[in-house]
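Below, chain A is the first sequence line, B the second, and so on; all start at residue 1.
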Amino acid sequence: MAEITLVEAVRAALAHALEEDPSVIILGEDVGVDGGVFRATEGLWQRFGRDRVRDTPLSEAAIAGMAVGLAAQRFRPVVEIQFQGFIHPALDQVANHAARLRNRTRGRLTCPMVLRAPYGGGVHAPEHHSESIEAIFAHIPGLRVVIPSSPGRAYGLLLSAIRDPDPVVFFEPKRLYRAQREEVALDGAGLPLDTAFTLREGRDVSVITWGAMTRECLEAAEALAGDGIEAEVVDMATLKPYDAATLLASVRRTGRCVIVHEAPRTGGFGGEIAARIAEEALDALVAPIRRVCPPDIIPPLPKLEAAYMPTAAEICAAVREVMAWG
Amino acid sequence: MAEITLVEAVRAALAHALEEDPSVIILGEDVGVDGGVFRATEGLWQRFGRDRVRDTPLSEAAIAGMAVGLAAQRFRPVVEIQFQGFIHPALDQVANHAARLRNRTRGRLTCPMVLRAPYGGGVHAPEHHSESIEAIFAHIPGLRVVIPSSPGRAYGLLLSAIRDPDPVVFFEPKRLYRAQREEVALDGAGLPLDTAFTLREGRDVSVITWGAMTRECLEAAEALAGDGIEAEVVDMATLKPYDAATLLASVRRTGRCVIVHEAPRTGGFGGEIAARIAEEALDALVAPIRRVCPPDIIPPLPKLEAAYMPTAAEICAAVREVMAWG
Amino acid sequence: MHGGKEDGEVGIQPCGDREGSDRYGIPFSRFLTPDGALSDAAPGFASDRGELAALYAGMLRTRAFDAKAVALQRTGRLGTYASSLGQEGVSVGLASAMRAEDVLIPSFREHGAQLWRGTRMEELLLYWGGDERGSDFAGPREDFPVCVPVGTQYPHAVGVAMAFTLRGEARCAVVVGGDGSTSRGDFHEALNMAGVWALPVVFLINNNQWAISVPREAQTAAATLAQKAIGAGLPGEQVDGCDVIAVRDAMERALARGRAGGGATVIECITYRLSDHTTADDATRYRDDTQVSPHWAEEPVTRLREHLVQAHGWTRQEEEELRAETHAAVEAAAQAYLDIAPQPVASIADYLFETLPPDLKAARDRVAEGGNG
Amino acid sequence: MHGGKEDGEVGIQPCGDREGSDRYGIPFSRFLTPDGALSDAAPGFASDRGELAALYAGMLRTRAFDAKAVALQRTGRLGTYASSLGQEGVSVGLASAMRAEDVLIPSFREHGAQLWRGTRMEELLLYWGGDERGSDFAGPREDFPVCVPVGTQYPHAVGVAMAFTLRGEARCAVVVGGDGSTSRGDFHEALNMAGVWALPVVFLINNNQWAISVPREAQTAAATLAQKAIGAGLPGEQVDGCDVIAVRDAMERALARGRAGGGATVIECITYRLSDHTTADDATRYRDDTQVSPHWAEEPVTRLREHLVQAHGWTRQEEEELRAETHAAVEAAAQAYLDIAPQPVASIADYLFETLPPDLKAARDRVAEGGNG
Ligand SMILES: Cc1ncc(C[n+]2csc(CCOP(=O)(O)OP(=O)(O)O)c2C)c(N)n1
Ligand SMILES: Cc1ncc(C[n+]2csc(CCOP(=O)(O)OP(=O)(O)O)c2C)c(N)n1
Ligand SMILES: [Mg+2]
Ligand SMILES: [Mg+2]
């Protein structure tokens, strides 16, 4: 057991995967000697060598496309896109090739690749460095979208993502990279994909979230508990395919739902969650659903970022509002 | 007044815009002498010349990026991406530049560009030619997403999109390009953006849709009317920013909602619609919301395409199901 | 390094005294002239009657397959189809130089190469007929399926070649695209990556002079497409793509270099698209017959036949037998294609993941029962 | 066109007998040597004391601005910042050749060029301090703001230049990017488009040898970055980027060509990133001081000062006055920046559209009241 941060957990999972499976290779900008701009790959190049951990030219489209070629050749490339805001050129390869290769060839060629990228705001980063566009990926058929929210889940989910026979995008909340230390057994055990994690149980309201917002939600739940409101906090963890059973069971129990994400509202993945509830658990709802998320604006530069990111206080307010119903 | 098809309406709107505003220019692959692979720009190159209507190299990223440069220089580029399935490389420029230029520069530079692309299935097209990924664009702050569903709306909405001072993506349902003729006054009158169109009024259920699915929905409504079920059919037309007032008023009146789109379910824009209702009109709902859309699969090649596209029969079934409630 | 300013325009220095296509040092090769004469400098295989007859048969088959596919499309029994009429020399030339263990990453117009490598005609028809099973061909199992989004295939070759290198295998990735595809960023990113890592890739550009309606000269100001290699530090060369011998020779050299660890090569094959872009296109909208017809005098099939007749006594009987065989094979394949039982509807979901997640499994089962997912 | 096979390796023919960077005919120019000696071939402006003093002042100001910005970042009063230490010759050289009506499309490291063109120091600090108003500079109103997604700026220049051409204006678009940015597809797509339409664009590559931790030789196998022009049919050349005279001269020629309808040019300026990549980077993780220190002997500011002293009797007093002035200006700007009142919170929504749609208007008003949108 080691007390580690989320980014250290990512690194430990990568090291374990490199160790256990010679077909795993790591590629990306600055992942080599520099160890990645967030140090997620620190020491791996030194330990595993250039054939396993390789700096690429500055070519996001080709990085993703090359990974498809490697994966079709039975390697398991784990590629890093330095920031999610720079992932757009890779989308073509992800949507049109990686996510389709198995289906297009009826299983003849497959694409066991992982595309990692730090995402999200709250760290006073430069322009284009605070994006949270998981919803775009969660709409792509054939793709898995996984977002860890703690060191333990980062370790276990990343290992499972790498071992998965199909393509996974793995978005790491950079705000949590060093926010918290946790005991994690570095034993190579994966955590199940496609599974939500109930981070806190509660009978009154379901707070559904993922990524960095889990912290704000837990903080809000703590505060609400002081007022006798028991919020259940569910970390979806895998957005596609998502764990509808856990989601719906929670909402059926509580009858109330607040969804929290840091992506802008319209077209955010909160819509999917709300829709699913409105389809399959409407009868259980005693209050309207609430989404706590930024309006449809561009992540502001640091000076005004605080006005953008959802806070525990806002989550509390939304919960109190839905508690006033029914 | 002329009896024209949707693609003819697009062409008429483009011609009108070229005529009325010298800053309008058309760019894209094969938009020149060939008149576009769907003939949307037929005759325009001959009439307006190469400075106004220009074939580009096969470079989707640069086509979009060049349009940003032109727009910043006060031109109004109307660029065509040949099929929506090939739009991914343009997304970087759309999301990271076009949609942000005004905000980034606090209004100093603006981006009045339109990016047109035919989208959707049902025409037995080759691989990668049947995509319906409007939801991805509708999640981008600073962007307008407009989808016409009839010759008249194509004409009026495209003119308004071109005249709009901000960037618009304009997705044309290729299945409807020649499906229907309609009298359209080619008088240069625009139709309002950000506004839903109620295509058929009805008191029993709100059927919310856009693009090519409006036809299936109207067909379903017709069939349902035979059984005494009065379905209201609302064409959202602009998905971002969308007309929540019309949507919510309809659902408040009917108490039931079926959402229909041809994009795969998870993360589709139907989620947003459902979420909005669950937030703001939950009390009016007497039945669960239903989404009629394909499952999370890749648009199949033509032989199995029929099993993918939602049909009027499926819409009827969903409506009957929600009618059984409350 | 020189420290001064040039007189007059400073820019790229023309090298040597040659004009035009090889101004920047891009060699061009052709061994077989349009009238069927073979240069002395031709490679060894070009004097082997059997080899030439095989290449000829491969091209003839490609042409017959194309014609049949277009006919099937015209009669509603195939989807949109991209003919390779006039470009058979490229397809057959490139494939004939490859080894079975090499991997082909084709565009959507390399039927001839796919057939040469063992994909069956009925499989190709199945794909173009709109059935995913067509890409599950029994033939070269590691070859990529047809690539429709133009240019996106190039990075795949980088990955495939890197896999070979990592495993220490002497194999090459061969990726094919058109003149239009060279304007895509992916092309350059892939070239650059293959260059910097010295990977065994052959980038073969089938320059048929058109990208739908956009002619080669509206695609780029570069005098040759092969010179796009220079920016990636790669060797680039041009060959006459209507000369199957030159294509195969250039490919053999590039493959040998790749296998020997010498890295990637760009080969531009100059040919001409004699057909419409696809069956959905009408090329008369943007080019005249007068533009097209001179190119018929250069096309690769007749050219090689002329040479076979002139140099190897290819007989009318041989010709007729080959045509009859080819015809029979194509007809049999078309029939086999038409006879293939439809795939089960549920297969629209079956191959999304190795194991279907619950929601998708449920949707699949609903679809299987004829419902909406 | 030659019809035969070359002996030995067939590929790109080296042209001329020069080795290395100009093997494909890429000229290199430098007028001012590291020890301050000026070549006879130098352009006219290089003998004008006033011109040189202005260039020197511009570089000195850039360096002082950089140092202040880094200091502000280190003390928590600025966000992540990208210093241009050692590259002032590129920024000032390129900007000094431009006319006011040309348009600059910068990367994120061309502070010197932005300042020369009239963007104020406090405006740049505002941007790097995390305030959008910094990109609403009063200076060159049509210049683009800093571009963070590497390489995405290049296509903008194509559009800007096309606008000039369509309006018949004799203006140029100047777009700047780093060595790393040349690996991006956008770069090539933009070059190609500018080439085929003969647009007035200058593509200036600030080759500082590093893309964060990735050295130039791991970025591409091309011997020069300038030769990436060849694939687009454009002229490409290299200059010593630590020689502000050479940079300005190459720019002047390229701009004149562009204005005269001669099309686009690629200029690679060879320089060296003496600083960390940004204030968020620690370059000692991936490069030794022994690698860096030789480059201090080549840096552009001292080099020009040496020349001013040697050839133009630049005095200690002039130097001290200039330094004092520069220091005062930078300090004043920093203070002005720190004194700027915060923007209203609602401005996070105010500039999304010319007219805010209802939902956004409502969200804006909620934000203005301190709530969540
Ligand atoms: C990315 C992308 N953009 C556009 C298209 C539509 N399209 C199909 S083929 C083609 C022209 C391709 O030209 P070229 O690369 O020369 O290949 P050719 O068709 O001549 O074989 C175009 C524009 C596409 N398939 N993919
Ligand atoms: C598309 C994209 N990918 C990655 C990054 C992260 N990043 C910022 S600067 C940089 C290196 C750029 O190198 P170069 O082009 O040589 O410019 P320099 O920093 O040396 O000025 C990287 C990888 C980015 N900003 N954009
Ligand atoms: Mg072509
Ligand atoms: Mg650099």
> Can you tell me which portion of D30(A) sits under 4.5 Å from chain D's heavy atoms? Options are side chain, backbone, both or neither.
both
> Can you tell me if R215(A) has over 12 outside heavy atoms packed within less than 6.0 Å of its CZ?
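No - once you tally the heavy atoms of other residues, nucleotides and ligands closer than 6.0 Å, there are 12 at most.
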> Is chain A contacted by the side chain of P344(D), its backbone, both, or neither, given a heavy-atom distance below 4.5 Å?
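The backbone, not the side chain.
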> What part of Y127(D) lies closer than 4.5 angstrom to a heavy atom of chain A: side chain, backbone, both or neither?
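Interface part for Y127(D): both.
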> Looking only at heavy atoms, which two atoms of L58(A) and Q219(D) are closest? And how far apart?
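Looking at all heavy atoms of both residues, the shortest contact is N-OE1, 2.7 Å.
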> Looking at every non-hydrogen atom in both residues, tell me the closest pair between A363(D) and P295(A) and how far apart they are.
CB-CB, 3.4 Å
> With side-chain contact (heavy atoms from CB on, under 4.5 Å) as the test, would you mind laying out the steps for I212(D) and D34(A) before giving the verdict?
CA-CA 9 Å; I212(D) 309 187; D34(A) 193 35; 4.2 Å; yes
> Counting only heavy atoms not in D289(D) (residues, nucleotides, ligands), do more than 12 fall under 6.0 Å from its CG?
no
> Could you go through F86(A) and V148(D), starting from their C-alpha distance and side-chain angles, then the distance that decides it, and tell me whether this counts as side-chain contact (heavy atoms from CB on, under 4.5 Å)?
CA-CA 9 Å; F86(A) 310 133; V148(D) 168; 3.9 Å; yes
> To the nearest 0.5 Å, what is the distance between CD1 (I298(A)) and CG (L352(D))?
5.0 Å
> Tell me, for A218(D) versus chain A, whether the close heavy atoms (under 4.5 Å) come from the side chain, the backbone, both or neither.
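Looking at A218(D), just its backbone touches chain A.
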> Please find the pair of heavy atoms, one from P126(A) and one from T80(D), that lie closest to each other, and give the distance.
CG-CB, 3.8 Å
> Rounded to the nearest 0.5 Å, what separates atom CH2 in W128(D) from atom CG in L301(A)?
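Taking CH2 in W128(D) and CG in L301(A), the distance rounds to 10.5 Å.
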> What part of I348(D) lies closer than 4.5 angstrom to a heavy atom of chain A: side chain, backbone, both or neither?
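For I348(D), the contact with chain A is made by backbone and side chain together.
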> May I ask you to test the P89(A)-R184(D) pair for a side-chain heavy-atom distance under 4.5 Å?
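Side chain of P89(A) against side chain of R184(D), heavy atoms only: contact under 4.5 Å found.
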> Evaluate side-chain contact (heavy atoms from CB on, under 4.5 Å) for E29(A) paired with V214(D), printing each intermediate quantity in order.
CA-CA 8 Å; E29(A) 295 159 13; V214(D) 179; 5.5 Å; no
> Do you know the tightest heavy-atom contact between P149(D) and H128(A)?
CD-ND1, 3.5 Å
> For chain D, which of E60(A), R39(A), H88(A) has the most heavy-atom pairs under 4.5 Å?
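Result: the option with the highest number of such pairs is R39(A).
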> Looking at G151(D), S183(D), A280(D), A283(D), which has the largest count of heavy-atom pairs under 4.5 Å with chain A?
S183(D)
> Measure across V367(D) and A307(A) and return the closest heavy-atom pair with its distance rounded to 0.1 Å.
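Looks like CG1-CB, 4.5 Å.
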> Does the E132(D) side chain pair with the main chain of P300(A), one donor and one acceptor, at a distance under 3.5 Å?
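It does not hold such a pair.
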> S347(D), G129(D), P357(D): which one forms the most heavy-atom pairs within less than 4.5 Å of chain A?
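Answer, by heavy-atom pair count under 4.5 Å with chain A: G129(D).
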> Under a 4.5 Å heavy-atom cut-off, does chain D meet the side chain of Q82(A), its backbone, both or neither?
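Just the side chain, heavy atoms under 4.5 Å.
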